[in-house]
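Report on one structure; see the data block that follows.
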Amino acid sequence: MTGKPASLLEVRDLTATFHRDGAPSRVVNGISFDIAPGEAVGFVGESGSGKSVTARAVMRLAPEGSSIEWGGRIRFQGQELLSLTEREMRDVRGRRIAMVFQDPMASLNPVMSVGAQIDDMLVRHTGVSTRAARKRTVELLGLVGIRDPAIRADDFPHQFSGGMRQRVLIAISVSCQPDLLIADEPTTALDVTVQAQILRLLMRLRRELGMALMLITHDFGVIAGMVERVYVMHRGDIVESGEVDTLFAAPKHAYTQALLAAVPRIESTRRPA
Amino acid sequence: MLRMILVRLALTVPILFGVSIIAFGLMRALPGDFVLAAAGTTAVSDEVLAVTRRNLGLDRPIWEQYGIWLGNALAGDLGTSFATKKSVVSELLPRLAVTAELTLMAGLLAMLMGATTGLASARLRGRTDWVVRGLNSLLLAVPNFVVATLIVLLFGLYFPTIGIFNYVPFARDPLGNIGSLLLPALSLALTVSVTVSENTRAAVLEVSSQDYVMVARAKGLLARTILGNYLVKNALTPVITVTGLQLAALLGGSILIETIFTIPGMGQYLFDSVSRRDYPVIQAIVLVSSTIVLLMNVLVDIAYARVDARVSYD
(Lines give C-alpha, C1' and ligand atoms only; values in the text may rest on other atoms or scores of the structure.)
Protein backbone atom coordinates (compact mmCIF):
# COMPACT_ATOMS: atom_id res chain seq x y z
CA MET A 1 0.00 0.00 0.00
CA THR A 2 1.41 3.35 -1.01
CA GLY A 3 0.18 6.68 0.32
CA LYS A 4 -2.97 7.29 2.25
CA PRO A 5 -6.01 5.80 0.55
CA ALA A 6 -8.80 8.24 -0.12
CA SER A 7 -11.20 5.73 1.28
CA LEU A 8 -10.58 3.49 4.31
CA LEU A 9 -13.48 1.21 3.51
CA GLU A 10 -15.02 0.98 0.09
CA VAL A 11 -18.01 -1.31 -0.28
CA ARG A 12 -19.55 -1.94 -3.69
CA ASP A 13 -22.67 -3.96 -4.55
CA LEU A 14 -22.57 -5.90 -1.29
CA THR A 15 -25.04 -8.73 -1.09
CA ALA A 16 -25.68 -11.14 1.76
CA THR A 17 -27.64 -14.32 1.28
CA PHE A 18 -28.56 -16.75 4.04
CA HIS A 19 -28.87 -20.40 3.22
CA ARG A 20 -31.18 -22.19 5.60
CA ASP A 21 -32.80 -25.52 4.76
CA GLY A 22 -31.79 -25.08 1.14
CA ALA A 23 -33.86 -21.96 0.59
CA PRO A 24 -31.69 -18.88 0.02
CA SER A 25 -32.95 -15.60 1.41
CA ARG A 26 -31.25 -12.35 0.49
CA VAL A 27 -31.00 -9.84 3.33
CA VAL A 28 -28.68 -7.24 1.75
CA ASN A 29 -29.41 -6.33 -1.88
CA GLY A 30 -26.24 -4.91 -3.39
CA ILE A 31 -25.44 -1.81 -1.37
CA SER A 32 -22.45 0.52 -1.79
CA PHE A 33 -20.90 2.90 0.72
CA ASP A 34 -17.61 4.47 1.77
CA ILE A 35 -15.93 5.33 5.04
CA ALA A 36 -12.94 7.69 5.02
CA PRO A 37 -10.06 7.31 7.49
CA GLY A 38 -11.06 8.70 10.88
CA GLU A 39 -14.61 9.38 9.74
CA ALA A 40 -17.69 8.52 11.81
CA VAL A 41 -20.55 7.11 9.80
CA GLY A 42 -23.95 6.04 11.03
CA PHE A 43 -26.15 3.24 9.73
CA VAL A 44 -29.76 3.64 10.75
CA GLY A 45 -32.69 1.34 10.18
CA GLU A 46 -35.23 -0.79 11.97
CA SER A 47 -34.44 -4.37 12.98
CA GLY A 48 -34.30 -6.60 9.94
CA SER A 49 -33.14 -3.79 7.68
CA GLY A 50 -29.80 -5.55 7.11
CA LYS A 51 -27.58 -3.08 8.95
CA SER A 52 -26.10 -5.63 11.37
CA VAL A 53 -25.51 -8.12 8.58
CA THR A 54 -23.74 -5.34 6.67
CA ALA A 55 -21.52 -4.67 9.69
CA ARG A 56 -20.71 -8.34 10.04
CA ALA A 57 -19.97 -8.60 6.34
CA VAL A 58 -17.09 -6.17 6.85
CA MET A 59 -15.78 -8.55 9.54
CA ARG A 60 -16.88 -11.57 7.51
CA LEU A 61 -18.56 -12.98 10.59
CA ALA A 62 -21.46 -15.34 9.95
CA PRO A 63 -23.69 -16.26 12.88
CA GLU A 64 -22.71 -19.61 14.37
CA GLY A 65 -24.33 -22.58 12.66
CA SER A 66 -25.68 -20.65 9.68
CA SER A 67 -24.34 -20.43 6.20
CA ILE A 68 -24.14 -17.00 4.68
CA GLU A 69 -22.84 -16.00 1.28
CA TRP A 70 -21.34 -12.58 0.66
CA GLY A 71 -21.22 -10.99 -2.78
CA GLY A 72 -19.79 -7.80 -4.21
CA ARG A 73 -16.59 -6.07 -3.10
CA ILE A 74 -15.32 -4.94 0.30
CA ARG A 75 -12.05 -3.03 -0.06
CA PHE A 76 -10.38 -2.14 3.20
CA GLN A 77 -7.16 -0.09 2.99
CA GLY A 78 -6.91 -1.16 -0.62
CA GLN A 79 -7.26 -4.86 0.21
CA GLU A 80 -10.16 -6.98 -1.01
CA LEU A 81 -11.52 -8.63 2.17
CA LEU A 82 -13.90 -11.04 0.45
CA SER A 83 -11.03 -12.77 -1.32
CA LEU A 84 -8.90 -13.24 1.80
CA THR A 85 -8.53 -16.69 3.30
CA GLU A 86 -10.03 -17.29 6.73
CA ARG A 87 -6.52 -17.28 8.19
CA GLU A 88 -5.71 -13.90 6.62
CA MET A 89 -9.08 -12.58 7.75
CA ARG A 90 -8.23 -13.52 11.34
CA ASP A 91 -5.32 -11.09 11.19
CA VAL A 92 -7.68 -8.32 10.07
CA ARG A 93 -10.28 -9.00 12.76
CA GLY A 94 -9.50 -7.26 16.00
CA ARG A 95 -6.22 -5.89 14.68
CA ARG A 96 -7.42 -3.57 11.91
CA ILE A 97 -11.19 -3.76 12.20
CA ALA A 98 -12.72 -4.26 15.63
CA MET A 99 -16.29 -4.60 16.75
CA VAL A 100 -18.42 -3.78 19.78
CA PHE A 101 -21.62 -5.79 20.10
CA GLN A 102 -25.10 -5.10 21.32
CA ASP A 103 -25.47 -7.12 24.50
CA PRO A 104 -22.66 -6.57 27.01
CA MET A 105 -24.28 -9.02 29.44
CA ALA A 106 -23.69 -11.90 27.02
CA SER A 107 -20.56 -10.75 25.22
CA LEU A 108 -17.93 -11.56 27.83
CA ASN A 109 -16.69 -15.07 28.54
CA PRO A 110 -18.10 -15.85 32.01
CA VAL A 111 -15.26 -18.16 33.03
CA MET A 112 -12.35 -15.84 32.20
CA SER A 113 -11.32 -12.73 34.14
CA VAL A 114 -11.96 -9.54 32.16
CA GLY A 115 -8.23 -8.83 32.13
CA ALA A 116 -7.48 -12.20 30.57
CA GLN A 117 -9.98 -11.40 27.82
CA ILE A 118 -7.98 -8.34 26.84
CA ASP A 119 -4.64 -10.10 27.36
CA ASP A 120 -5.46 -12.87 24.90
CA MET A 121 -6.21 -10.37 22.16
CA LEU A 122 -3.00 -8.39 22.78
CA VAL A 123 -0.97 -11.59 22.82
CA ARG A 124 -2.63 -12.71 19.60
CA HIS A 125 -2.08 -9.53 17.60
CA THR A 126 0.98 -7.86 19.09
CA GLY A 127 2.96 -10.98 20.00
CA VAL A 128 3.80 -9.77 23.50
CA SER A 129 3.96 -12.08 26.49
CA THR A 130 0.89 -12.42 28.72
CA ARG A 131 2.76 -10.58 31.45
CA ALA A 132 3.60 -7.63 29.19
CA ALA A 133 0.04 -7.65 27.85
CA ARG A 134 -1.33 -7.28 31.38
CA LYS A 135 0.41 -3.93 31.81
CA ARG A 136 -1.29 -2.64 28.66
CA THR A 137 -4.59 -4.26 29.72
CA VAL A 138 -4.59 -2.27 32.96
CA GLU A 139 -3.91 0.94 30.98
CA LEU A 140 -6.79 0.13 28.64
CA LEU A 141 -9.21 -0.56 31.50
CA GLY A 142 -8.21 2.80 32.98
CA LEU A 143 -8.69 4.45 29.59
CA VAL A 144 -12.32 3.32 29.37
CA GLY A 145 -13.04 4.54 32.88
CA ILE A 146 -12.81 1.44 35.07
CA ARG A 147 -11.70 2.48 38.55
CA ASP A 148 -8.80 0.56 40.19
CA PRO A 149 -8.05 -1.16 36.87
CA ALA A 150 -5.11 -3.19 38.21
CA ILE A 151 -7.37 -4.87 40.77
CA ARG A 152 -10.49 -5.05 38.60
CA ALA A 153 -8.58 -6.80 35.81
CA ASP A 154 -8.69 -10.00 37.85
CA ASP A 155 -12.44 -9.78 38.41
CA PHE A 156 -14.89 -11.83 36.40
CA PRO A 157 -17.67 -10.45 34.16
CA HIS A 158 -20.44 -11.24 36.65
CA GLN A 159 -18.82 -8.79 39.06
CA PHE A 160 -19.45 -5.89 36.64
CA SER A 161 -22.64 -3.98 35.77
CA GLY A 162 -23.93 -3.82 32.20
CA GLY A 163 -22.42 -0.40 31.55
CA MET A 164 -19.07 -1.46 33.01
CA ARG A 165 -19.08 -4.60 30.88
CA GLN A 166 -19.66 -2.53 27.76
CA ARG A 167 -16.67 -0.42 28.82
CA VAL A 168 -14.61 -3.59 29.10
CA LEU A 169 -15.79 -4.69 25.65
CA ILE A 170 -14.84 -1.30 24.26
CA ALA A 171 -11.41 -1.67 25.89
CA ILE A 172 -11.10 -5.06 24.16
CA SER A 173 -12.10 -3.63 20.80
CA VAL A 174 -9.67 -0.69 20.88
CA SER A 175 -6.80 -2.66 22.47
CA CYS A 176 -4.94 -3.17 19.19
CA GLN A 177 -5.72 0.33 17.91
CA PRO A 178 -7.84 -0.67 14.94
CA ASP A 179 -8.33 1.67 12.01
CA LEU A 180 -12.06 0.99 11.96
CA LEU A 181 -14.32 0.38 14.92
CA ILE A 182 -17.74 -1.09 14.20
CA ALA A 183 -20.24 -0.49 16.97
CA ASP A 184 -23.39 -2.57 16.45
CA GLU A 185 -26.16 -1.10 18.62
CA PRO A 186 -23.63 -0.52 21.42
CA THR A 187 -26.11 1.16 23.78
CA THR A 188 -29.40 -0.59 23.00
CA ALA A 189 -29.19 -2.96 25.97
CA LEU A 190 -28.22 -0.21 28.45
CA ASP A 191 -30.03 2.26 30.71
CA VAL A 192 -30.55 5.72 29.21
CA THR A 193 -28.09 7.40 31.59
CA VAL A 194 -25.45 4.78 30.87
CA GLN A 195 -26.11 5.07 27.12
CA ALA A 196 -24.92 8.68 27.11
CA GLN A 197 -21.73 7.75 29.00
CA ILE A 198 -20.91 4.94 26.57
CA LEU A 199 -21.51 7.19 23.54
CA ARG A 200 -19.26 9.89 25.05
CA LEU A 201 -16.60 7.25 25.68
CA LEU A 202 -16.78 6.07 22.06
CA MET A 203 -16.48 9.67 20.85
CA ARG A 204 -13.47 10.35 23.04
CA LEU A 205 -11.65 7.15 22.05
CA ARG A 206 -12.34 7.76 18.38
CA ARG A 207 -10.78 11.19 18.68
CA GLU A 208 -7.80 10.05 20.77
CA LEU A 209 -7.01 6.97 18.69
CA GLY A 210 -7.96 8.46 15.31
CA MET A 211 -10.20 5.53 14.43
CA ALA A 212 -12.99 5.56 11.88
CA LEU A 213 -16.33 4.62 13.41
CA MET A 214 -19.17 2.68 11.84
CA LEU A 215 -22.09 3.18 14.23
CA ILE A 216 -25.10 0.96 13.72
CA THR A 217 -28.35 1.86 15.44
CA HIS A 218 -32.11 1.93 15.05
CA ASP A 219 -32.20 5.17 17.01
CA PHE A 220 -31.71 8.56 15.30
CA GLY A 221 -31.25 10.03 18.76
CA VAL A 222 -27.99 8.09 19.11
CA ILE A 223 -26.72 9.23 15.72
CA ALA A 224 -27.13 12.94 16.42
CA GLY A 225 -23.86 14.51 17.47
CA MET A 226 -21.96 11.24 17.00
CA VAL A 227 -21.41 10.91 13.29
CA GLU A 228 -20.77 13.06 10.23
CA ARG A 229 -22.67 11.07 7.64
CA VAL A 230 -25.62 8.71 7.75
CA TYR A 231 -26.82 5.82 5.63
CA VAL A 232 -30.46 4.91 6.12
CA MET A 233 -31.18 1.22 5.50
CA HIS A 234 -34.53 -0.38 4.80
CA ARG A 235 -35.15 -3.99 3.81
CA GLY A 236 -31.61 -4.62 2.67
CA ASP A 237 -31.21 -1.42 0.68
CA ILE A 238 -29.66 1.96 1.41
CA VAL A 239 -32.61 4.26 0.82
CA GLU A 240 -30.98 7.56 1.70
CA SER A 241 -27.57 8.90 2.65
CA GLY A 242 -25.97 12.22 3.37
CA GLU A 243 -24.51 14.64 5.89
CA VAL A 244 -26.20 14.12 9.23
CA ASP A 245 -27.34 17.76 9.56
CA THR A 246 -28.81 17.89 6.05
CA LEU A 247 -30.60 14.62 6.58
CA PHE A 248 -32.05 15.74 9.90
CA ALA A 249 -33.19 19.06 8.44
CA ALA A 250 -34.66 17.74 5.20
CA PRO A 251 -35.17 13.98 4.98
CA LYS A 252 -36.07 13.07 1.41
CA HIS A 253 -37.16 9.45 1.68
CA ALA A 254 -40.49 8.67 3.28
CA TYR A 255 -38.88 5.95 5.39
CA THR A 256 -36.30 8.40 6.77
CA GLN A 257 -39.07 10.82 7.62
CA ALA A 258 -40.94 8.06 9.43
CA LEU A 259 -37.81 7.05 11.38
CA LEU A 260 -37.14 10.66 12.38
CA ALA A 261 -40.72 11.12 13.48
CA ALA A 262 -40.32 8.04 15.69
CA VAL A 263 -37.74 9.80 17.85
CA PRO A 264 -39.53 11.26 20.87
CA ARG A 265 -38.84 14.97 21.33
CA ILE A 266 -39.14 16.92 24.51
CA GLU A 267 -38.89 20.47 23.12
CA SER A 268 -41.60 20.25 20.49
CA THR A 269 -45.14 18.94 20.45
CA ARG A 270 -45.81 15.92 18.34
CA ARG A 271 -46.31 16.67 14.72
CA PRO A 272 -47.83 14.43 12.11
CA ALA A 273 -45.27 12.37 10.23
CA MET B 1 -14.80 -22.79 49.96
CA LEU B 2 -13.16 -24.68 52.86
CA ARG B 3 -16.34 -24.15 54.85
CA MET B 4 -18.38 -25.59 52.00
CA ILE B 5 -16.19 -28.68 51.86
CA LEU B 6 -16.49 -29.22 55.60
CA VAL B 7 -20.26 -28.73 55.53
CA ARG B 8 -20.64 -31.13 52.62
CA LEU B 9 -18.46 -33.71 54.36
CA ALA B 10 -20.47 -33.34 57.57
CA LEU B 11 -23.67 -33.86 55.58
CA THR B 12 -22.46 -37.22 54.34
CA VAL B 13 -22.57 -38.57 57.92
CA PRO B 14 -26.38 -38.66 58.29
CA ILE B 15 -26.67 -39.99 54.71
CA LEU B 16 -24.27 -42.82 55.49
CA PHE B 17 -26.20 -43.52 58.68
CA GLY B 18 -29.37 -43.95 56.61
CA VAL B 19 -27.50 -46.10 54.11
CA SER B 20 -26.26 -48.35 56.91
CA ILE B 21 -29.82 -48.92 58.17
CA ILE B 22 -31.07 -49.75 54.67
CA ALA B 23 -28.11 -52.05 53.95
CA PHE B 24 -28.62 -53.84 57.24
CA GLY B 25 -32.40 -54.14 56.94
CA LEU B 26 -32.58 -55.10 53.26
CA MET B 27 -30.20 -58.00 53.64
CA ARG B 28 -32.23 -59.43 56.45
CA ALA B 29 -35.43 -58.95 54.48
CA LEU B 30 -34.12 -61.39 51.86
CA PRO B 31 -35.53 -64.89 52.19
CA GLY B 32 -33.17 -67.38 53.89
CA ASP B 33 -30.01 -66.51 55.75
CA PHE B 34 -26.33 -67.44 55.80
CA VAL B 35 -26.90 -70.62 57.80
CA LEU B 36 -29.53 -71.96 55.41
CA ALA B 37 -27.46 -70.97 52.39
CA ALA B 38 -24.40 -72.72 53.82
CA ALA B 39 -26.36 -75.86 54.60
CA GLY B 40 -27.54 -75.94 51.01
CA THR B 41 -29.35 -79.16 50.20
CA THR B 42 -27.79 -81.10 53.06
CA ALA B 43 -30.28 -82.11 55.70
CA VAL B 44 -29.28 -80.34 58.90
CA SER B 45 -31.24 -80.57 62.14
CA ASP B 46 -32.89 -77.48 63.57
CA GLU B 47 -30.67 -77.73 66.66
CA VAL B 48 -27.50 -77.45 64.61
CA LEU B 49 -28.96 -74.49 62.71
CA ALA B 50 -29.88 -72.77 65.97
CA VAL B 51 -26.41 -73.30 67.44
CA THR B 52 -24.74 -71.90 64.34
CA ARG B 53 -27.06 -68.88 64.38
CA ARG B 54 -26.27 -68.27 68.05
CA ASN B 55 -22.53 -68.47 67.36
CA LEU B 56 -22.89 -65.85 64.61
CA GLY B 57 -25.11 -63.66 66.80
CA LEU B 58 -28.02 -64.03 64.41
CA ASP B 59 -30.40 -65.06 67.19
CA ARG B 60 -30.38 -61.64 68.83
CA PRO B 61 -33.03 -59.01 68.08
CA ILE B 62 -32.26 -57.19 64.82
CA TRP B 63 -31.80 -53.75 66.44
CA GLU B 64 -29.26 -55.27 68.84
CA GLN B 65 -27.37 -56.84 65.92
CA TYR B 66 -27.42 -53.48 64.19
CA GLY B 67 -26.19 -51.67 67.29
CA ILE B 68 -23.25 -54.03 67.75
CA TRP B 69 -22.37 -53.84 64.06
CA LEU B 70 -22.60 -50.03 63.97
CA GLY B 71 -20.48 -49.69 67.11
CA ASN B 72 -17.77 -51.87 65.62
CA ALA B 73 -18.01 -50.12 62.22
CA LEU B 74 -17.48 -46.72 63.84
CA ALA B 75 -14.33 -48.14 65.42
CA GLY B 76 -13.18 -49.21 61.95
CA ASP B 77 -14.04 -52.88 62.38
CA LEU B 78 -16.48 -54.05 59.70
CA GLY B 79 -16.83 -57.49 61.24
CA THR B 80 -15.86 -60.97 60.21
CA SER B 81 -17.03 -62.77 57.11
CA PHE B 82 -19.43 -65.60 57.98
CA ALA B 83 -18.06 -67.68 55.13
CA THR B 84 -14.31 -67.25 55.44
CA LYS B 85 -14.04 -66.31 59.14
CA LYS B 86 -11.58 -63.59 58.12
CA SER B 87 -11.88 -59.88 58.88
CA VAL B 88 -13.97 -58.15 56.23
CA VAL B 89 -11.60 -55.17 56.09
CA SER B 90 -8.59 -57.35 55.27
CA GLU B 91 -10.55 -59.22 52.57
CA LEU B 92 -12.20 -56.11 51.14
CA LEU B 93 -9.21 -53.77 50.80
CA PRO B 94 -7.28 -55.65 48.07
CA ARG B 95 -10.55 -56.18 46.16
CA LEU B 96 -11.50 -52.55 46.57
CA ALA B 97 -8.16 -51.59 45.05
CA VAL B 98 -8.88 -53.74 41.97
CA THR B 99 -12.38 -52.30 41.55
CA ALA B 100 -11.10 -48.77 42.08
CA GLU B 101 -8.53 -49.30 39.34
CA LEU B 102 -11.12 -50.76 36.98
CA THR B 103 -13.62 -47.99 37.68
CA LEU B 104 -10.98 -45.30 37.34
CA MET B 105 -9.77 -46.71 34.02
CA ALA B 106 -13.35 -47.00 32.78
CA GLY B 107 -14.10 -43.46 33.97
CA LEU B 108 -11.06 -42.05 32.17
CA LEU B 109 -11.89 -44.01 29.00
CA ALA B 110 -15.51 -42.85 29.14
CA MET B 111 -14.48 -39.22 29.58
CA LEU B 112 -11.90 -39.44 26.82
CA MET B 113 -14.21 -41.16 24.34
CA GLY B 114 -17.28 -39.17 25.35
CA ALA B 115 -15.64 -35.77 25.29
CA THR B 116 -13.86 -36.43 21.98
CA THR B 117 -16.91 -37.75 20.15
CA GLY B 118 -19.21 -35.14 21.67
CA LEU B 119 -16.89 -32.31 20.75
CA ALA B 120 -16.33 -33.65 17.23
CA SER B 121 -20.07 -34.12 16.82
CA ALA B 122 -20.86 -30.55 17.83
CA ARG B 123 -18.01 -28.87 15.96
CA LEU B 124 -17.86 -30.83 12.71
CA ARG B 125 -21.61 -31.50 12.44
CA GLY B 126 -22.79 -33.05 9.21
CA ARG B 127 -21.75 -36.64 8.69
CA THR B 128 -19.61 -36.85 11.85
CA ASP B 129 -22.56 -35.77 13.93
CA TRP B 130 -24.76 -38.31 12.22
CA VAL B 131 -22.31 -41.18 12.79
CA VAL B 132 -21.57 -40.29 16.42
CA ARG B 133 -25.23 -39.94 17.33
CA GLY B 134 -26.09 -43.18 15.58
CA LEU B 135 -23.37 -45.05 17.47
CA ASN B 136 -24.47 -43.42 20.71
CA SER B 137 -28.05 -44.58 20.25
CA LEU B 138 -26.83 -48.10 19.50
CA LEU B 139 -24.52 -48.23 22.51
CA LEU B 140 -27.16 -46.80 24.79
CA ALA B 141 -29.63 -49.46 23.68
CA VAL B 142 -27.22 -52.32 24.36
CA PRO B 143 -26.48 -52.96 28.08
CA ASN B 144 -22.80 -53.14 28.95
CA PHE B 145 -22.97 -56.77 30.06
CA VAL B 146 -24.09 -57.67 26.54
CA VAL B 147 -21.15 -55.73 25.11
CA ALA B 148 -18.88 -57.48 27.63
CA THR B 149 -20.21 -60.87 26.62
CA LEU B 150 -19.70 -60.02 22.94
CA ILE B 151 -16.13 -58.95 23.66
CA VAL B 152 -15.51 -62.19 25.54
CA LEU B 153 -16.95 -64.18 22.63
CA LEU B 154 -15.04 -62.22 20.00
CA PHE B 155 -11.67 -62.57 21.68
CA GLY B 156 -12.34 -66.07 22.93
CA LEU B 157 -13.24 -67.34 19.45
CA TYR B 158 -11.01 -65.35 17.14
CA PHE B 159 -8.07 -64.14 19.23
CA PRO B 160 -7.58 -66.91 21.78
CA THR B 161 -3.93 -65.85 22.20
CA ILE B 162 -5.07 -62.72 23.99
CA GLY B 163 -6.08 -64.21 27.31
CA ILE B 164 -9.12 -62.28 28.43
CA PHE B 165 -9.60 -64.15 31.68
CA ASN B 166 -6.01 -63.79 32.86
CA TYR B 167 -6.19 -61.11 35.48
CA VAL B 168 -2.64 -60.03 36.38
CA PRO B 169 -2.12 -58.49 39.86
CA PHE B 170 -0.62 -55.02 39.77
CA ALA B 171 2.19 -55.93 42.17
CA ARG B 172 3.43 -58.70 39.87
CA ASP B 173 3.34 -56.87 36.55
CA PRO B 174 1.99 -53.29 36.47
CA LEU B 175 1.84 -53.08 32.67
CA GLY B 176 0.33 -56.52 32.30
CA ASN B 177 -2.17 -55.56 34.97
CA ILE B 178 -3.33 -52.51 33.03
CA GLY B 179 -3.43 -54.58 29.85
CA SER B 180 -5.56 -57.23 31.49
CA LEU B 181 -8.07 -54.62 32.68
CA LEU B 182 -8.29 -52.76 29.38
CA LEU B 183 -11.06 -54.78 27.74
CA PRO B 184 -13.20 -54.96 30.91
CA ALA B 185 -12.73 -51.22 31.42
CA LEU B 186 -13.72 -50.57 27.82
CA SER B 187 -16.94 -52.56 28.06
CA LEU B 188 -17.73 -50.83 31.34
CA ALA B 189 -16.98 -47.40 29.84
CA LEU B 190 -19.07 -47.62 26.67
CA THR B 191 -22.51 -46.86 28.12
CA VAL B 192 -21.18 -44.07 30.30
CA SER B 193 -19.25 -42.59 27.39
CA VAL B 194 -22.55 -42.19 25.53
CA THR B 195 -23.92 -40.04 28.35
CA VAL B 196 -20.73 -37.98 28.43
CA SER B 197 -20.74 -37.68 24.63
CA GLU B 198 -24.35 -36.54 24.36
CA ASN B 199 -23.91 -34.04 27.18
CA THR B 200 -20.67 -32.70 25.75
CA ARG B 201 -22.33 -32.27 22.38
CA ALA B 202 -25.31 -30.42 23.85
CA ALA B 203 -23.09 -28.22 26.02
CA VAL B 204 -20.74 -27.30 23.16
CA LEU B 205 -23.66 -26.49 20.84
CA GLU B 206 -25.22 -24.34 23.52
CA VAL B 207 -21.98 -22.47 24.17
CA SER B 208 -21.22 -22.09 20.43
CA SER B 209 -24.24 -19.86 19.92
CA GLN B 210 -23.32 -17.56 22.80
CA ASP B 211 -22.41 -13.95 22.02
CA TYR B 212 -19.01 -14.23 23.68
CA VAL B 213 -17.95 -16.81 21.11
CA MET B 214 -18.86 -14.35 18.36
CA VAL B 215 -16.86 -11.70 20.23
CA ALA B 216 -13.91 -14.11 20.42
CA ARG B 217 -14.10 -14.58 16.66
CA ALA B 218 -14.36 -10.82 16.15
CA LYS B 219 -11.18 -10.46 18.19
CA GLY B 220 -9.36 -12.50 15.54
CA LEU B 221 -8.34 -15.17 18.06
CA LEU B 222 -6.97 -18.44 16.74
CA ALA B 223 -9.41 -21.32 16.41
CA ARG B 224 -7.59 -23.34 19.07
CA THR B 225 -7.76 -20.46 21.58
CA ILE B 226 -11.49 -20.09 21.00
CA LEU B 227 -11.96 -23.84 21.33
CA GLY B 228 -9.96 -24.15 24.54
CA ASN B 229 -10.69 -20.96 26.44
CA TYR B 230 -14.16 -20.09 25.21
CA LEU B 231 -15.95 -23.27 24.11
CA VAL B 232 -14.50 -26.09 26.21
CA LYS B 233 -14.05 -24.08 29.40
CA ASN B 234 -17.71 -23.08 29.35
CA ALA B 235 -19.00 -26.48 28.27
CA LEU B 236 -17.07 -28.15 31.08
CA THR B 237 -19.49 -27.54 33.96
CA PRO B 238 -22.40 -29.66 32.67
CA VAL B 239 -19.94 -32.33 31.51
CA ILE B 240 -18.35 -32.53 34.97
CA THR B 241 -21.80 -32.97 36.51
CA VAL B 242 -22.82 -35.92 34.42
CA THR B 243 -19.42 -37.56 34.59
CA GLY B 244 -19.42 -37.29 38.38
CA LEU B 245 -22.92 -38.70 38.64
CA GLN B 246 -22.03 -41.53 36.29
CA LEU B 247 -19.46 -42.83 38.77
CA ALA B 248 -22.26 -44.57 40.64
CA ALA B 249 -23.26 -46.22 37.37
CA LEU B 250 -19.66 -47.36 36.85
CA LEU B 251 -19.44 -48.84 40.35
CA GLY B 252 -22.73 -50.66 39.81
CA GLY B 253 -21.70 -51.83 36.35
CA SER B 254 -18.38 -53.15 37.64
CA ILE B 255 -20.21 -55.91 39.54
CA LEU B 256 -21.43 -57.44 36.30
CA ILE B 257 -18.24 -56.76 34.37
CA GLU B 258 -16.02 -58.28 37.07
CA THR B 259 -18.21 -61.37 37.15
CA ILE B 260 -18.08 -61.75 33.36
CA PHE B 261 -14.31 -61.23 33.12
CA THR B 262 -13.58 -63.05 36.42
CA ILE B 263 -11.72 -60.12 37.92
CA PRO B 264 -11.15 -60.54 41.67
CA GLY B 265 -12.66 -57.16 42.58
CA MET B 266 -15.31 -55.91 44.93
CA GLY B 267 -18.09 -56.64 42.46
CA GLN B 268 -17.39 -60.32 42.26
CA TYR B 269 -16.91 -60.40 46.03
CA LEU B 270 -20.33 -58.80 46.45
CA PHE B 271 -21.92 -61.20 44.02
CA ASP B 272 -20.54 -64.21 45.88
CA SER B 273 -21.48 -62.75 49.26
CA VAL B 274 -25.07 -62.08 48.24
CA SER B 275 -25.46 -65.68 47.09
CA ARG B 276 -24.05 -66.80 50.45
CA ARG B 277 -26.04 -64.24 52.47
CA ASP B 278 -22.73 -63.21 54.02
CA TYR B 279 -24.25 -60.17 55.76
CA PRO B 280 -21.11 -58.47 57.16
CA VAL B 281 -19.44 -58.44 53.73
CA ILE B 282 -22.51 -57.12 51.93
CA GLN B 283 -23.03 -54.37 54.50
CA ALA B 284 -19.39 -53.37 54.32
CA ILE B 285 -19.45 -53.16 50.52
CA VAL B 286 -22.65 -51.10 50.45
CA LEU B 287 -21.21 -48.74 53.06
CA VAL B 288 -17.86 -48.36 51.28
CA SER B 289 -19.46 -47.84 47.84
CA SER B 290 -21.86 -45.23 49.23
CA THR B 291 -18.97 -43.41 50.86
CA ILE B 292 -17.11 -43.34 47.55
CA VAL B 293 -20.13 -42.01 45.65
CA LEU B 294 -20.77 -39.33 48.28
CA LEU B 295 -17.14 -38.24 48.28
CA MET B 296 -17.20 -38.06 44.48
CA ASN B 297 -20.19 -35.71 44.68
CA VAL B 298 -18.25 -33.43 47.01
CA LEU B 299 -15.34 -33.54 44.54
CA VAL B 300 -17.70 -32.59 41.70
CA ASP B 301 -18.88 -29.57 43.68
CA ILE B 302 -15.29 -28.53 44.31
CA ALA B 303 -14.55 -28.94 40.60
CA TYR B 304 -17.45 -26.59 39.74
CA ALA B 305 -15.95 -23.82 41.80
CA ARG B 306 -12.54 -24.41 40.25
CA VAL B 307 -13.91 -24.25 36.69
CA ASP B 308 -16.50 -21.51 37.00
CA ALA B 309 -15.77 -18.36 38.98
CA ARG B 310 -19.50 -17.61 39.25
CA VAL B 311 -19.94 -20.63 41.51
CA SER B 312 -19.28 -19.49 45.03
CA TYR B 313 -20.25 -21.40 48.13
CA ASP B 314 -19.86 -18.58 50.61
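A, B, ... follow the sequence lines: proteins, then strands. Residue 1 opens every chain.
- Closest non-hydrogen pair, B:M214 versus A:A62, comes out as CE-O, 3.8 Å.
- Partner B:L221 forms a side-chain contact (heavy atoms from CB on, under 4.5 Å) with one of A:R124, A:Q117, A:H125 and no other, that one being A:R124.
- The parts of A:A106 that come within reach of chain B are both its backbone and its side chain, each placing non-hydrogen atoms under 4.5 angstrom from that chain.
- The residue from A:L108, A:V100, A:L169, A:L61 that alone fulfils the side-chain contact (heavy atoms from CB on, under 4.5 Å) condition with B:V215 is A:L169.
- For the options B:V207, B:V213, B:T225, B:L222, heavy-atom pairs under 4.5 Å to chain A are most numerous at B:L222.
- Heavy atoms only, all atoms of each residue included: A:N109 and B:Y212 are closest at N-CB, 3.6 Å.
- Residues A:V111 and B:N229 come closest through the heavy atom pair CG2-O, 4.4 Å.
- The most heavy-atom pairs under 4.5 Å with chain B, out of A:Q159, A:M59, A:M112, come from A:M112.
- Only the side chain of A:R56 comes within contact range of chain B, with heavy atoms under 4.5 Å apart.
- Interface residue A:M121: backbone and side-chain heavy atoms are both found under 4.5 Å from chain B.
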Go through it in stages, so that I can follow the logic: the residues are A:D120 and B:K219, the test is side-chain contact (heavy atoms from CB on, under 4.5 Å), and I'd like the CA-CA distance, side-chain angles, deciding distance and then a yes or no. CA-CA 9 Å; A:D120 66 0; B:K219 283 158 81 174; 3.0 Å; yes
